[in-house]
Amino acid sequence: MVSLLPSALKALITPRLSRQVILDVIRRLHPRLTQFELIRFGPNGDGGYLIPNDLAGVEARFSPGVADMTGFEVDCLKHGMKVFMADASVEKPRLDFPETQYSFIKKYIGYFNDKEYMTMDSWFDWSGLVDRTELLLQMDIEGHEYPVIMSMSEALIKRFRIIVVEFHRLDTIFKSKSHPEFLFLTSLIIKTFEKLLKTHVPVHIHPNNALPSKVPSIKTPPIMEFTFLRKDRAELGGYRTDFPHKLDYDNTGNEHFALPKDWYRQT
């Protein structure tokens, strides 16, 4: 992922971020209370996510990285959304719905366009939706989320009322700063969060217990699921402290671990 980034994307990244800058971004990621309760879409396990109950008027949902799991998609379809899916690793999604209710393209979502990949902006243009359409984004693309989000136009990001992303390699941000890959990836991760925070507010974080945290000072699970709500939709209250949330479930049968206290505001 790192070595293949185009020069235009690399230019957006500032290496050697200070520890204080990283801690400040983590503090800005502490989930907030809003006027909307959290509900669960998808199964009680891997593939299920908590989202704010602000779905009235959301017409379509985009899902890069389908694989074999479609529980989240089914709940979106039941709520009347048109579902757009993209994944070159499968022939078609496993859905028992009329094909008029969803769209599938056998491509990976990336930061460039070719026969196998397309960008988020190109995918939206291909969808035929109009610019005023309210959207939901749910992304789980195994570490490629950073260049994909950094490559998205701000106009498209603003189209998504709700954004759910599973972020990977988060433990990198507190690893040794002497390794060039860690330097660059840390900057890419932080800049990606900063981009999302311009337009959206975090409302939930859930650590994926597939891999445990191995960083002793600031506990940071390698994989965590973040839910964001667009700022213009949110009436902000205080900070969430209910971790795990009553609707949270472990992703795997591994030992349970809760969201580390460094990642949410203490009372």
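Just the heavy atoms: all of them, side chains too, but no hydrogens, waters or symmetry mates, feed the values below. Predicted, not measured: the structure shown is a model, and the values here were computed from it.
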Legend entry - 4.5 Å side-chain heavy-atom contact, Trp123 and Pro64: yes
Inset, instruction - List the steps, then state whether side chain to side chain contact (heavy atoms under 4.5 Å, CB included) holds for Leu156 with Phe124. - result: CA-CA 8 Å; Leu156 180 57; Phe124 177 79; 3.7 Å; yes
Inset, instruction - Look only at the side chain of Arg265 and the backbone of Gly238, and say whether a donor-acceptor pair between them is shorter than 3.5 Å. - result: no
Inset, instruction - Measure the CG-CG distance between Asn208 and Asp46 for me, rounded to the nearest 0.5 Å. - result: 6.0 Å
Legend entry - Close side-chain approach of Leu137 to Ile157, heavy-atom, < 4.5 Å: no
Legend entry - Close side-chain approach of Asp250 to Phe257, heavy-atom, < 4.5 Å: no
Legend entry - From Ile189 atom CD1 to Ser187 atom OG, the distance as rounded to the nearest 0.5 Å: 9.5 Å
Inset, instruction - Evaluate side chain to side chain contact (heavy atoms under 4.5 Å, CB included) for Met81 paired with Tyr102, printing each intermediate quantity in order. - result: CA-CA 9 Å; Met81 299 181 206; Tyr102 67 89; over 6 Å; no
Inset, instruction - For Asn113 and Thr119, indicate whether the former's side chain and the latter's backbone hold a donor-acceptor pair under 3.5 Å. - result: yes
Legend entry - Side-chain donor or acceptor of Arg40 paired with backbone N/O of Pro43 under 3.5 Å: yes
Inset, instruction - Would you indicate whether the side-chain heavy atoms of Leu136 and Arg161 approach each other to under 4.5 Å? - result: no
Inset, instruction - Evaluate whether atom NZ of Lys261 has more than 12 neighbouring non-hydrogen atoms of other residues, nucleotides or ligands under 6.0 angstrom away. - result: no
Inset, instruction - State whether a side-chain donor-acceptor pair under 3.5 Å links Ser63 with Glu73. - result: yes
Inset, instruction - Could you list the residues that satisfy side-chain contact (heavy atoms from CB on, under 4.5 Å) with Asp242, not counting sequence neighbours? - result: Arg240, His245
Inset, instruction - Find out if a path of hydrophobic residues (ILVMFWY) with successive side-chain heavy-atom gaps under 4.5 Å connects Leu33 to Ile205. - result: no
Inset, instruction - Looking only at non-hydrogen atoms, find the nearest pair between Asn251 and His206 and report the distance. - result: OD1-CE1, 3.0 Å
Inset, instruction - Could you pull out all residues at least two apart from Tyr249 that satisfy ring pair (Phe, Tyr, Trp, His ring centres under 6.0 Å)? - result: none
Legend entry - Sidechain-backbone polar pair: Lys115 side chain, Lys107 backbone, donor-acceptor under 3.5 Å: no
Legend entry - Shared hydrophobic cluster for Met150 and Ile22 (ILVMFWY, side-chain gaps under 4.5 Å): yes
Inset, instruction - Write down the atom of Leu170, the atom of Thr220, and the distance for their closest heavy-atom approach. - result: O-CG2, 3.3 Å
Inset, instruction - With the side chain counted from C-beta on, respond yes when Val201 and Leu236 share a heavy-atom pair under 4.5 Å apart, and no when they do not. - result: yes
Inset, instruction - Taking all heavy atoms of Tyr108 and all of Asp87, pick out the closest pair and write down the distance. - result: CE2-OD1, 3.7 Å
Legend entry - Stepwise salt bridge (Lys or Arg N to Asp or Glu O under 4.0 Å) test for Lys106 and Glu91: CA-CA 7 Å; Lys106 189 176 170 58; Glu91 290 302 318; 3.4 Å; yes
Inset, instruction - Run the numbers on Glu194 and Lys198 for salt bridge (Lys or Arg N to Asp or Glu O under 4.0 Å), then give the verdict. - result: CA-CA 7 Å; Glu194 288 179 331; Lys198 289 179 181 179; over 6 Å; no
Inset, instruction - Check Arg233, Gln35, Arg230 against Asp54 for a side chain to side chain donor-acceptor pair (under 3.5 Å) and give me the one that passes. - result: Arg233
Legend entry - Sidechain-backbone polar pair: Lys191 side chain, Thr186 backbone, donor-acceptor under 3.5 Å: no
Legend entry - Identified ring-ring contact (aromatic ring centres under 6.0 Å, His included) counterpart of His204 within the set Phe243, Phe226, Trp263: Phe243
Legend entry - Minimum side-chain heavy-atom gap Ser127-Phe62 below 4.5 Å: yes
Legend entry - Within the 6.0 Å centroid threshold, strictly below: Tyr239 and Tyr264: no
Inset, instruction - Check the angle between the aromatic planes of His200 and Phe228 and answer parallel, tilted or perpendicular using the 30° and 60° thresholds. - result: perpendicular
Legend entry - ring pair (Phe, Tyr, Trp, His ring centres under 6.0 Å) against His79, all qualifying residues, sequence neighbours excluded: Phe41
Inset, instruction - Give the minimum heavy-atom separation between Ala258 and Pro244, together with the two atoms involved. - result: CB-CD, 4.2 Å
Inset, instruction - Look at atom NZ of Lys82 and say whether more than 12 heavy atoms of other residues, nucleotides or ligands are closer to it than 6.0 Å. - result: yes
Inset, instruction - Using atom types as modelled and distance alone, determine if a side-chain donor or acceptor of Thr133 lies under 3.5 Å from a backbone N or O of Val130. - result: yes
Inset, instruction - Evaluate whether atom CZ of Arg28 has more than 12 neighbouring non-hydrogen atoms of other residues, nucleotides or ligands under 6.0 angstrom away. - result: yes
Legend entry - Separation of Glu37 CD from Leu50 CG (nearest 0.5 Å): 10.5 Å
Inset, instruction - Taking the side chain as every heavy atom from C-beta outward, state whether Leu135 and Leu129 have any pair of such atoms under 4.5 Å apart. - result: yes
Inset, instruction - Could you go through the ring pair (Phe, Tyr, Trp, His ring centres under 6.0 Å) check for Phe167 and Tyr146 one step at a time? - result: CA-CA 8 Å; Phe167 288 101; Tyr146 303 109; 5.6 Å; yes
Inset, instruction - Ignoring hydrogens and angles, tell me if any N or O in the side chain of Asn53 forms a donor-acceptor pair with the backbone of Phe36 under 3.5 Å. - result: no
Inset, instruction - Just do the side chain to side chain contact (heavy atoms under 4.5 Å, CB included) check on Val148 and Met120 with the steps written out, would you? - result: CA-CA 7 Å; Val148 167; Met120 283 294 304; 3.6 Å; yes
Inset, instruction - Report the relative orientation of the aromatic rings in Tyr49 and Phe72; use parallel for angles under 30°, tilted for 30 to 60°, perpendicular for over 60°. - result: perpendicular
Inset, instruction - Give the minimum heavy-atom separation between Asn209 and Glu255, together with the two atoms involved. - result: ND2-O, 3.5 Å
Inset, instruction - Of all the heavy-atom pairs spanning Pro221 and Pro207, show the shortest one and how long it is. - result: CG-CB, 3.9 Å
Legend entry - Reported CD1-to-CE distance for the pair Ile109 and Met118, which is rounded to 0.5 angstrom: 5.5 Å
Legend entry - Residues Glu166, His168; criterion side-chain hydrogen bond (donor to acceptor under 3.5 Å, both in side chains); working and verdict: CA-CA 7 Å; Glu166 183 171 272; His168 300 76; 3.2 Å; yes
Legend entry - Distance (rounded to the nearest 0.5 Å) between Cys76 SG and Gln101 CD: 12.5 Å
Inset, instruction - Kindly compute the distance separating OG1 (Thr34) from NZ (Lys231), expressed to the nearest 0.5 Å. - result: 14.5 Å
Inset, instruction - Find out whether Asp114 and Tyr117 are in side-chain contact, i.e. whether some heavy atom of one side chain is under 4.5 Å from a heavy atom of the other. - result: yes
Inset, instruction - Would you mind checking if Asp131 and Arg159 are paired as a salt bridge, meaning a charged N to carboxylate O distance below 4.0 Å? - result: no
Legend entry - Val164 vs Met139, side chain to side chain contact (heavy atoms under 4.5 Å, CB included): CA-CA, chis, key distance, verdict: CA-CA 6 Å; Val164 183; Met139 184 185 299; over 6 Å; no
Inset, instruction - Compute the centroid of each ring, for Phe104 and then for Phe84, and state whether the two points are separated by less than 6.0 Å. - result: no
